[in-house]
Amino acid sequence: MTKTLPHHHQENEQDIIEHIPNSETIATVAAAMKQLGDPTRLRIFWFLCHAQECVINIAAAVDMSSPAVSHHLRLLKDAGLITSERHGKEMYYQAADSELVDTLHHVIEKVAKVSCPSNK
């Protein structure tokens, strides 16, 4: 179905309209960005892009209590940005292995003008 915009037409408007992401895709990206709109979750997410850690170590790294960090981890996990894995009695968290997470990680580093720590 061909759509036309009712006001001020552009040469390439049909091509633009055909490439508008679908509602499900936009909802996924919006949910991720909503969670990363919180500075604490953004810091935790960036940290977990570089490490797999338990709640206690994440809390120490971002200078917060473990219960507060657990709350943020739940929200990041619900948004599909991080995953968890049990090792014995400990739960470890890391950034999810997805194109969205990889892209967001690189955008954060570009905007914040920080780089990944070296793997030395």
Side-chain angles (χ1 to χ4, degrees):
M1 177 173 125
T2 301
K3 284 186 180 180
T4 58
L5 300 178
H7 196 71
H8 301 292
H9 299 283
Q10 294 183 27
E11 262 185 56
N12 62 344
E13 79 180 23
Q14 190 59 43
D15 191 41
I16 294 168
I17 290 169
E18 289 174 7
H19 286 88
I20 294 174
N22 65 42
S23 296
E24 184 178 319
T25 299
I26 290 296
T28 299
V29 174
M33 293 180 84
K34 178 180 179 182
Q35 295 312 316
L36 295 179
D38 178 273
T40 298
R41 284 192 288 277
L42 186 62
R43 288 177 69 215
I44 292 170
F45 173 74
W46 184 87
F47 179 69
L48 293 176
C49 285
H50 300 280
Q52 181 185 52
E53 283 296 346
C54 65
V55 173
I56 293 169
N57 285 349
I58 297 166
V62 297
D63 197 28
M64 292 181 68
S65 70
S66 292
V69 166
S70 292
H71 167 75
H72 291 293
L73 291 171
R74 182 180 53 77
L75 295 171
L76 290 168
K77 190 173 179 182
D78 288 349
L81 295 171
I82 65 169
T83 60
S84 61
E85 184 178 313
R86 184 170 295 281
H87 294 267
K89 294 181 180 181
E90 288 285 345
M91 190 67 79
Y92 285 82
Y93 298 86
Q94 66 185 17
D97 184 15
S98 72
E99 185 178 349
L100 175 62
V101 166
D102 188 51
T103 300
L104 290 169
H105 169 216
H106 292 300
V107 167
I108 292 163
E109 292 192 340
K110 186 164 185 89
V111 170
K113 296 181 178 160
V114 296
S115 59
C116 293
S118 65
N119 294 328
K120 293 180 182 176

Please output the side-chain donor-acceptor pairs of residues 53-67 that fall under 3.5 Å, not counting sequence neighbours, one pair per line with the distance.
unit_1 : atom_1 : unit_2 : atom_2 : d
E53    : OE1    : N57    : ND2    : 2.7
S65    : OG     : A68    : N      : 3.2

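- Here R43 pairs with nothing under the side chain to side chain donor-acceptor pair (under 3.5 Å) rule; sequence neighbours left out.
- Every residue two or more places apart in sequence or in another chain that forms a side-chain contact (heavy atoms from CB on, under 4.5 Å) with V111 is listed here: V107.
- Under the side-chain contact (heavy atoms from CB on, under 4.5 Å) criterion, L36 pairs with L42, F45, L76, L81, L104, I108, sequence neighbours left out.
- For H72, the side chain to side chain donor-acceptor pair (under 3.5 Å) criterion is met by R41, not counting sequence neighbours.
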Residues 93-101, side-chain donor-acceptor partners within the protein, below 3.5 Å, at least two apart:
unit_1 : atom_1 : unit_2 : atom_2 : d
Q94    : OE1    : Q52    : NE2    : 3.4
S98    : OG     : V101   : N      : 3.1

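- Taking CD of E90 as the start and OG of S84 as the end, the distance is 12.5 Å to the nearest 0.5 Å.
- Residue A32 comes nearest to A79 through the heavy atom pair CA-CB, 4.5 Å, listed as atom of the first residue, atom of the second, then distance.
- Residue pairs meeting the side-chain hydrogen bond (donor to acceptor under 3.5 Å, both in side chains) criterion with at least one partner in residues 21-31, sequence neighbours excluded, are N22-T25.
- Listed by first and then second residue, the salt bridge (charged side-chain N to carboxylate O under 4.0 Å, His left out) pairs involving residues 72-86 are R74-D78 (not counting sequence neighbours).
- Taking H87 as the reference, Y92 meet the ring pair (Phe, Tyr, Trp, His ring centres under 6.0 Å) condition, with sequence neighbours excluded.
- Annotation: side-chain contact (heavy atoms from CB on, under 4.5 Å) contacts of P39 (sequence neighbours excluded): none.
- Note on M33 and L73: same hydrophobic cluster, where clusters join Ile, Leu, Val, Met, Phe, Trp and Tyr whose side-chain heavy atoms are under 4.5 Å apart, directly or indirectly.
- With sequence neighbours excluded, no residue forms a ring pair (Phe, Tyr, Trp, His ring centres under 6.0 Å) with H106.
- Both I82 and F47 are part of a single hydrophobic cluster, where members link through side-chain heavy atoms under 4.5 Å apart.
- In this view, D102 satisfies the salt bridge (charged side-chain N to carboxylate O under 4.0 Å, His left out) rule with no residue, not counting sequence neighbours.
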